[in-house]
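These notes are about the structure you will find just below.
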Amino acid sequence: MKKRTTIYDIANALDVTVSTVSRALSNFPGISDATKKAVIEMAAKLDYRPNKLASALKSGKTYIIGVIVPSIQAHFFASIIHSIEDELKESGYSIIVYQSSESVAKEIKGVSTLLEAQVDGIMASLALETEDVSHFKEVVNQNKPLILFDRIDDTLKVPTVTLNDFKAGFMAATHLIERGYKKIAFVTTSHKIKIFSERLEGYKQALKLHSLPVIEEDIILGGLSIKDGRFGISKLLRNENRPDAIIAGDDFTALGIVKKLKEVGLAPPIIGVMGFANEVFSPYVTPSLSTVDQHPNQMGKECAKLFLDMIRQLNPYDKINTIVIEPTIVDRQSTGTYL
């Protein structure tokens, strides 16, 4: 195995002191441009790579942020990750992504693993299984920035970035009502995550405002997946008075609903279908899927800005900001005017 080049090797090659090499590589004032140039050229020639662990031990910073998401398969979370990374790179930060796969056990392991890796902070969106968030308190106890986004828990007094989820549910139902649908069902998760309960409440409020009944048998609580979408719509179609439109908890669930409706000859917009998240596949399925855009790029940028604000404070929790992003309806073929 090739020996790793150190600053001692560069110093020996140039016949200068180790401190001179260290200061030149750190762009320290008082080192001449000629010396800096010689050190940088020799470092490149010897394939020198800084020992980040040693630097971290010295400075107390690793310039690495941990990001925990339920799934990297979802375009929504992938877009947030990309946006966080893009926003922080100018400040010298890199990210480590940990996927919980909707498991609270994996989420707990993720927090522990990232703290052991000495990350400078953690950003997280909760797994569907998560009801007790006490494992995140260790991040706060270590005085490291913790930011929750999208799926949050109000018992943790930390900065958050969320969608206006009540409004999102209200807008989704209102969009269908304005298209002429009268009996609107909701297929979503049974897990106790705030964003999903708020969307459901928004949906109910829209129905009440338009003098439409809230029918409990039209609210299907289960999981969020293509399979769950198929199960949910199959159950609704067995009702004597079936719905004429369905709001799904996310676009994957909506896709399952659309697939099943096509199989039974009720393809949207015969029965309208509305999703959440504006996933990358949503414009390309047939019929194209109407959905609620949650603006993941903006969400990622706001997370990065909150982190940079927190590290500028003496105590990262001196000021706790709450950012709420407004949803947008993306109108496509699956909610065409109902006849």
Residues Lys182, Asp244; criterion salt bridge (Lys or Arg N to Asp or Glu O under 4.0 Å); working and verdict: CA-CA 7 Å; Lys182 301 295 183 186; Asp244 59 14; over 6 Å; no

N/O donor to acceptor pairs below 3.5 angstrom from side-chain atoms of residues 234-242, sequence neighbours left out:
| unit_1 | atom_1 | unit_2 | atom_2 | d |
| --- | --- | --- | --- | --- |
| Ser234 | OG | Arg230 | O | 2.7 |

Pairing residues for [X] by the ring pair (Phe, Tyr, Trp, His ring centres under 6.0 Å) criterion, not counting sequence neighbours:
X: Tyr203; result: Phe186
X: Phe281; result: Phe252
X: Phe196; result: none

Can you tell if the side chain of [X] reaches within under 4.5 Å of the side chain of [Y], non-hydrogen atoms only?
X: Phe149; Y: Glu302; result: no
X: Arg151; Y: Leu128; result: yes
X: Thr335; Y: Asp331; result: yes
X: Ile122; Y: Leu115; result: yes
X: Ile247; Y: Leu176; result: yes
X: Lys305; Y: Leu308; result: no
X: Met274; Y: Leu289; result: no

Heavy atoms of other groups near Lys259 NZ, more than 12 under 6.0 Å: no

In residues 34-44, what donor-acceptor pairs under 3.5 Å come from side-chain atoms, sequence neighbours left out?
| unit_1 | atom_1 | unit_2 | atom_2 | d |
| --- | --- | --- | --- | --- |
| Thr35 | OG1 | Ser32 | OG | 2.9 |
| Lys36 | NZ | Asn27 | OD1 | 2.9 |
| Lys37 | NZ | Glu41 | OE2 | 2.6 |

When you measure from the side chain of [X] to the backbone of [Y], do you find a donor-acceptor pair of N or O atoms at a distance under 3.5 Å?
X: Asp120; Y: Tyr63; value: yes
X: Asp218; Y: Ile215; value: no
X: Asn12; Y: Tyr8; value: yes
X: Ser79; Y: His75; value: yes
X: Arg332; Y: Ser290; value: no
X: Tyr317; Y: Met310; value: no
X: Asp293; Y: Thr328; value: no
X: Gln333; Y: Ser288; value: yes

Quiz question: by atom type and distance under 3.5 Å, do the side chains of [X] and [Y] form a donor-acceptor pair?
X: Glu201; Y: Gln205; answer: no
X: Thr160; Y: Thr162; answer: no
X: Glu107; Y: Thr130; answer: yes
X: Glu129; Y: His191; answer: no
X: Ser83; Y: Asp86; answer: no

Under 3.5 Å, sequence neighbours excluded: what are the donor-acceptor pairs made by side chains of residues 64-74?
| unit_1 | atom_1 | unit_2 | atom_2 | d |
| --- | --- | --- | --- | --- |
| Ser71 | OG | Gln73 | N | 3.1 |

Worked check of side-chain hydrogen bond (donor to acceptor under 3.5 Å, both in side chains) between Ser22 and Ser19: CA-CA 5 Å; Ser22 178; Ser19 63; over 6 Å; no

Worked verdict on Asp47 versus Arg49 for side chain to side chain contact (heavy atoms under 4.5 Å, CB included): CA-CA 6 Å; Asp47 193 26; Arg49 295 177 186 178; 3.8 Å; yes

Any pair counted as salt bridge (Lys or Arg N to Asp or Glu O under 4.0 Å), so long as it reaches residues 154-176, sequence neighbours left out: Asp154-Lys194, Asp165-Arg199, Lys167-Glu326

Parallel, tilted or perpendicular: ring planes of Tyr93 versus Phe307, cut at 30 and 60 degrees: perpendicular

Partners meeting side chain to side chain donor-acceptor pair (under 3.5 Å) with Glu85 (sequence neighbours left out): none

Any residue meeting side chain to side chain donor-acceptor pair (under 3.5 Å) with Ser334, in chain and number order, not counting sequence neighbours: none

Set of residues satisfying side chain to side chain contact (heavy atoms under 4.5 Å, CB included) with respect to Lys106, sequence neighbours excluded: Ser101, Ser103

Atom pair OG/CG of Ser125 and Asp150 - distance to nearest 0.5 Å: 4.5 Å

Minimal non-hydrogen separation, Pro283 against Val280, with atom names: CD-O, 3.3 Å

Co-members of the apolar cluster containing Phe170 [side chain, <4.5 Å]: Leu209

ILVMFWY cluster membership beyond Ile108 - transitive side-chain contacts under 4.5 angstrom: Val104

